[in-house]
Structure formats: structure tokens, C-alpha cells
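What follows is a single structure, written as C-alpha cells, with notes after it.
The first residue of the sequence shown is numbered 1, and numbering continues consecutively from there.
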Amino acid sequence: MNKKYSTEFKFKVVQEYQKGEKGSHILGHEMNIHPSMVLSWYHLYKQHGIDGLRTRRTVSPYSEEFKEKVQLELRNKAPINFLRAKYHLSPSTLQRWRLECGMAKKSVTRIITREELNALQEKHKGTKDSEIKELLEQLEYAKMENDILKKLATLVQARKEKERRQSEN
């Protein structure tokens with residue numbers, strides 16, 4: 001899903017992140033976005049200001065010289081998010097250029113035959129309902145554990161904030 005976010009929303013997320021009270025994971029969870037987007041928007045804002053957060057509507061033709069310069073940085077192991085922010089490039093453009101210079105493998109999807117499907121079904125036919133039930137119970141327990149840890153992190157953060165305010169007074 002390729003959801004578009006308003007410049008105002010992105011700026012709000014960046015401002016919250018810059019306060020330093022919440023990390024990208026907590027902020028991403030609160031804002032219902034992936035933590036990598038928080039960091040990506042932060043770096044775009046840091047590099048280009050508010051213009052870096054605006055969605056570009058036009059496709060810019062890139063010169064071969066520029067493309068080769070970016071590909072050289074890719075070969076030299078420059079982080080994708082760094083290059084994205086530095087040159088204000090889309091992730092898809094960077095991925096395409098990585099493929100072109102042999103830095104990434106293209107994912108290959110193939111259709112399996114009926115025989116292969118039958119073999120897979122036969123292989124997993126012996127899976128018992130009790131095993132599935134046990135795995136589902138473990139998953140539910142892990143989800144509850146995760147919720148408790150999130151709540152604990154929120155409480156710890158609130159306590160630190162309260163202590164900070166008290167020490168200022």
C-alpha cells in the first residue's frame with residue numbers, strides 16, 4: 001500500500017521526533033506509520049527543510065552523470081536513507097539504480113505447478129490441529145507480552161517526564 005501523507009502530517013511527525021522524547025518506534029506506533037518513515041522524513045527535513053517533506057508531483061529526468069554519481073555511492077555502501085535524503089530521490093528510483101549497477105537481486109516470482117502444490121499439501125498434511133492450537137496460544141501470549149511491554153515503556157516515559165518537570169520546579 002502506497003499511502004500519501006500530507007506535508008503538515010509529516011512536519012508534525014518530524015517535530016515530535018525532534019523533541020527527543022520518543023524514538024522512531026514509539027512515535028511510529030502512535031502515528032500508525034512505520035518507524036523507518038519517521039526517520040526518513042526526519043532526514044529529508046534536516047537536509048532540505050519543509051520542501052523535503054513535500055510530495056513531488058513531477059518526474060525529474062536525471063542526467064547520466066548524476067545517476068553514475070549516485071550509483072558510485074551505492075557501490076561504496078552509502079546507506080539508502082542517507083542517499084534518499086541527500087539527493088531527494090524516491091526509494092523506487094534508488095532500488096532501480098541498485099538493480100542496474102548489480103547491487104541488488106531482482107525478486108523472482110514463479111507459478112508453481114499442480115504437482116508441486118499437491119506435494120506441498122501432502123508434506124504438511126500431517127500437521128496436527130493440536131500443534132496449530134498450541135502455536136496460536138503462544139502467539140496470543142507473545143502479543144499480550146508485547147502489549148504489557150509497550151504499556152511499561154509508556155509508564156516509564158511518563159515517570160521520567162514527571163521527574164523532569166519536578167526537577168525544573
Side-chain angles (χ1 to χ4, degrees), residues 1-60 62 66 69-99 101 103-105 107 127 129-169:
M1 184 171 101
N2 191 8
K3 185 174 178 179
K4 303 286 183 194
Y5 297 96
S6 70
T7 304
E8 293 77 22
F9 177 77
K10 293 175 187 177
F11 185 60
K12 179 182 173 185
V13 171
V14 168
Q15 285 180 315
E16 282 295 312
Y17 182 73
Q18 284 181 321
K19 287 180 186 175
E21 297 170 357
K22 300 172 187 171
S24 60
H25 287 276
I26 291 173
L27 189 57
H29 179 72
E30 287 178 1
M31 299 292 206
N32 202 25
I33 57 175
H34 195 274
S36 66
M37 292 181 82
V38 174
L39 295 174
S40 178
W41 293 342
Y42 168 73
H43 291 296
L44 282 170
Y45 179 76
K46 203 169 135 184
Q47 190 79 25
H48 302 285
I50 195 74
D51 288 338
L53 300 177
R54 289 194 174 93
T55 304
R56 297 187 332 184
R57 303 268 183 235
T58 59
V59 176
S60 305
Y62 300 106
F66 173 75
K69 177 182 173 181
V70 174
Q71 286 179 328
L72 178 63
E73 289 189 54
L74 283 167
R75 281 189 210 98
N76 289 330
K77 310 267 190 256
I80 295 291
N81 283 337
F82 170 77
L83 294 176
R84 181 171 182 235
K86 181 177 178 181
Y87 297 114
H88 205 214
L89 294 168
S90 72
S92 60
T93 298
L94 281 169
Q95 180 63 16
R96 188 173 62 252
W97 290 358
R98 285 180 75 204
L99 282 168
C101 71
M103 293 295 299
K105 295 179 182 171
S107 67
T127 305
D129 287 339
S130 61
E131 289 178 54
I132 294 172
K133 185 178 178 183
E134 183 181 335
L135 289 172
L136 288 172
E137 287 172 1
Q138 289 175 0
L139 178 61
E140 187 61 33
Y141 183 81
K143 285 180 181 178
M144 288 188 298
E145 235 178 11
N146 193 27
D147 289 342
I148 291 168
L149 290 172
K150 285 179 185 177
K151 183 67 176 173
L152 177 62
T154 303
L155 292 171
V156 167
Q157 189 174 359
R159 178 181 278 171
K160 285 181 182 178
E161 179 64 23
K162 182 180 177 183
E163 290 171 356
R164 184 184 63 79
R165 276 191 241 131
Q166 287 176 348
S167 68
E168 288 176 355
N169 293 334

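Interatomic distance, Y5 OH to I33 CD1, rounded to the nearest 0.5 Å: 6.5 Å. In this structure, the separation between OG on S167 and NZ on K160 is 13.5 Å, given to the nearest 0.5 Å. Between the CG atom of L94 and the CD atom of Q71 there is a distance of 10.0 Å, given to the nearest 0.5 Å.
Note on residues 38-49: no pairs pass salt bridge (Lys or Arg N to Asp or Glu O under 4.0 Å), not counting sequence neighbours. Within the structure, the side-chain hydrogen bond (donor to acceptor under 3.5 Å, both in side chains) test picks out no pair touching residues 141-151 (sequence neighbours left out).
For R159, there are no salt bridge (charged side-chain N to carboxylate O under 4.0 Å, His left out) partners two or more places apart in sequence or in a different chain. Q138 pairs by the side chain to side chain donor-acceptor pair (under 3.5 Å) definition with E134, not counting sequence neighbours. Residues passing the side chain to side chain donor-acceptor pair (under 3.5 Å) test with H48: none are found, sequence neighbours excluded. With sequence neighbours excluded, the residues forming a salt bridge (charged side-chain N to carboxylate O under 4.0 Å, His left out) with E168 are R164, listed by chain and number. Residues that satisfy the ring pair (Phe, Tyr, Trp, His ring centres under 6.0 Å) test with F11, not counting sequence neighbours, are Y45. For T154, there are no side-chain contact (heavy atoms from CB on, under 4.5 Å) partners two or more places apart in sequence or in a different chain. K69 meets the salt bridge (charged side-chain N to carboxylate O under 4.0 Å, His left out) test with no other residue; sequence neighbours excluded. The side-chain contact (heavy atoms from CB on, under 4.5 Å) test applied to T7 returns I50, L53, R54, not counting sequence neighbours.
With a 4.5 Å cut-off on side-chain heavy atoms, L83 and L74 count as touching. For the pair W97 and L89, the minimum side-chain heavy-atom distance is below 4.5 Å. Looking at heavy atoms from C-beta onward, V14 lies out of side-chain contact with L44 at the 4.5 angstrom threshold.
Using a distance-only test at 3.5 Å, with no hydrogens or angles considered, no donor-acceptor pair links the side chain of H43 to the main chain of F82.
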Just list the side-chain donor-acceptor pairs under 3.5 Å for residues 17-32, sequence neighbours left out, or say none.
| unit_1 | atom_1 | unit_2 | atom_2 | d |
| --- | --- | --- | --- | --- |
| K19 | NZ | E16 | OE2 | 2.9 |
| K22 | NZ | E30 | OE1 | 2.8 |

